[in-house]
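Just so you know, these numbers use all the heavy atoms, side chains as well, and skip hydrogens, waters and symmetry mates. Remember, it's 1-based here, ligands and their atoms both numbered in the order they're listed.
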Amino acid sequence: MSTYSPHRTIAAISTPSGVGGIAVVRLSGPDAFRIAACHVALPSDSRSHRLSPFRIGDSLLDEVVVTLFPAPHSYTGLDTVEFSCHGSLYIQQTLLQALLDSGASMAEPGEFTRQAFLSGRLNLSQAEAVADLIDSTNASAHRLAISQLRGGYASLLAQLRQQLVDLTALLELELDFSDEDVEFADRHQLSSLVAELQRNVSQLIDSFSLGNAIKRGIPVAIVGKPNVGKSSLLNALLADDRAIVSPIPGTTRDTIEETLTLEGLTFRFIDTAGLRQTDDPIEAIGRDRAIQSVRNATVILFVRDATEPYSGTFLDEVSQMLDGISQKEKIMFFVHNKADLVPPPYPPGHAISARTGQGLDQLKQSIIQAVRQRMDHTEGVMLTNLRHREALSHVQQALDHVEQGLVDNLPADLVAIDLRDALHHLGTITGQVTSDEVLGTIFSRFCIGK
Ligand code: GDP
C-alpha cells in the first residue's frame with residue numbers, strides 16, 4: 001500500500017545510480033527547508049551558486065551546491081531543495097540518509113511527479129508525459145512527449161469535457177423542475193457536442209497504433225519465402241552482420257529484431273522465418289511467429305527473389321499473409337531482391353540488391369516518407385498511452401449510449417447517467433475529480449449572497 005501523504009517531505013537521489021562527476025539529491029515537501037537547514041546553510045540570493053559545506057553533526061560530508069525552489073515555483077509545486085554533491089556512491093547515500101534521519105521520507109517511485117500532480121502543477125496526462133519524455137529515445141517520441149506535456153490532446157478533451165459538464169449540469173437542473181416539464185439543456189446543442197466529441201475520440205483511438213509504434217519503435221516486418229534474402233536485407237539495412245545468412249533454406253527459424261533510428265524515427269526491423277509449408281515443427285513455430293509479426297507490424301516488406309519468375313504465387317502468398325488483417329492500417333512495400341542478378345524492367349515495387357546495396361536508400365526513404373505521411377495525417381494529435389486509449393474506449397461507449405438516448409428521446413435523468421459515465425472516463429485521463437463535479441459546476445456559477 002502506498003504510504004503517500006501530502007504532508008510528507010520526501011527525498012531521493014535523482015541522478016542514475018552509479019558513480020558520476022556529480023549527483024543530485026532532491027528533497028521536496030513542506031519540511032524541505034527545515035530539514036535542509038539541519039545540514040547546510042541555506043543560500044540567500046547573494047550566496048547562491050556557491051559551494052556550501054554539508055555537515056552531519058560536526059563532520060563535513062561534502063561541499064555541495066544547494067539550489068532552493070520555494071513553492072510554488074518548483075517542479076513539485078512544494079518547497080524543494082536540490083543538493084548537487086560529488087558523485088561518489090558513498091556521498092550520495094550518506095547525504096540521502098542524513099536527510100532521512102532529519103525527518104524526510106524515502107520517496108516512492110514517481111512521487112515527486114505525484115506531488116506535482118496533487119499540488120496542481122501538472123495534470124495526470126502531463127505527469128505521464130514526463131515519464132515518456134524521460135523514456136524518449138528518438139526525436140519523434142520526444143516530440144510526442146513534449147506535446148503531451150504541454151497539454152496536447154488533453155487540453156482539447158478538457159475543453160470538450162467542460163462543455164459537456166455544463167450541459168449535464170443543465171440537464172440535471174431539469175430534474176429539479178421535473179413537474180414543470182421544462183428543458184434547460186438544448187438537445188440539439190447536446191447532440192452536436194456529443195458528435196464532435198465522438199469524432200475527436202475516435203480520431204485519437206485510431207492514432208494509437210501509430211503513436212504507440214513511434215514511442216516504442218515502428219515495427220517493420222520483413223517477410224517472404226525462404227532464401228529470397230530477408231536476412232541479407234536486414235543486415236544491409238543495419239549494415240552489420242546480426243542475422244545469420246546462409247544459402248540453405250530455412251536458416252532463420254525464429255524472428256530476429258533490430259532497431260535502427262532513421263531521421264528521428266526509430267524502427268524495429270523484424271526478420272521473420274521463411275514462409276513455406278513445413279513438416280519441421282520448429283520451423284513451423286517460426287512461420288507462425290512470422291504471421292504474428294505481420295499482424296503487429298506497422299510496415300511490411302514483402303520480399304521476393306527477382307531471379308525467380310514473377311508469378312501470381314507471390315501475390316497469393318501476400319494475400320494469404322494478410323488474411324484477416326486490416327490493410328488500411330498497414331504500410332506495405334513489394335521488394336524485388338537480388339536485382340543485381342536480373343536486368344530491368346522490374347515489376348512494380350522496389351528493386352533492390354541486399355548484396356550491392358542498390359535501391360536500399362530509396363527503400364529507406366520510401367518507408368520514412370510513408371510513416372511521416374501517416375503522422376501528418378493525424379495532424380499532430382497522437383495517442384501514445386494505453387491507459388488513455390482504454391479510457392477513451394469507455395468514453396466512446398458511454399457517448400454511444402448518450403447518442404442513442406437522445407435519438408430515443410429518453411428522459412433527462414437517463415441521458416444524464418450516460419453523460420456522467422462519459423465525463424467520468426474522460427476525467428480519468430487528466431485526473432480531474434469527477435464526483436460532485438457536476439454539482440460543483442452548478443454552484444460555482446453562483447456566489448454566496450447572490
Ligand atoms: P532468407 O532466407 O530470406 O533470409 O535469405 P538470406 O538472406 O539467407 O539469403 C539467401 C541467399 O541469397 C544467400 O546465399 C545470400 O547471399 C543470397 N542473397 C541475398 N540477397 C542477395 C542479393 O541481393 N543479391 C545476390 N546476388 N544474392 C543475394
* **Test item: S136 side-chain N/O and A141 main-chain N/O as donor-acceptor pair under 3.5 Å** => no

Numbered in order shown, the ligand 1 atoms found under 4.0 Å of a heavy atom of S353 are 22 (C), 23 (O), 24 (N)

Check: Hey, would you say the Y346 and H336 ring centroids sit under 6.0 Å apart?
Finding: no

If we number the atoms of ligand 1 from 1 as shown, the ones under 4.0 Å from a heavy atom of S232 are 6 (P), 7 (O), 9 (O), 15 (C), 19 (C), 20 (N)

If you compare A306, G229, A236, P226 by their heavy atoms, the one closest to atom 5 (O) of ligand 1 turns out to be G229

Do any nitrogen or oxygen atoms of A354 come within less than 3.5 Å of a nitrogen or oxygen of ligand 1?
yes

Which label fits H350 and F333: parallel for a plane angle under 30°, tilted from 30 to 60°, or perpendicular past 60°?
perpendicular

Exercise. Is a salt bridge present between D305 and K338, judged by a nitrogen-to-oxygen distance below 4.0 Å?
Worked result: yes

At under 4.0 Å between heavy atoms, what of D340 touches ligand 1? The answer is side chain

Of K338, Q358, K230, the residue with the heavy atom nearest atom 1 (P) of ligand 1 is K230

Worksheet item: Does one side chain, of D361 or Q365, offer a donor that lies under 3.5 Å from an acceptor on the other?
Response: no

Counting heavy atoms under 4.0 Å, the part of N337 that contacts ligand 1 is side chain

Shortest non-hydrogen pair, L423 vs R161, comes out as O-NE, 3.3 Å

So the atoms of ligand 1 within less than 4.0 Å of a heavy atom of L341 turn out to be 26 (N)

**Asked** Cut-off 3.5 Å, side chains only: do Q396 and D400 have a donor facing an acceptor?
**Response** no

Ligand 1 to S231, heavy atom cutoff 4.0 Å, flagged ligand atoms 1 (P), 4 (O), 7 (O)

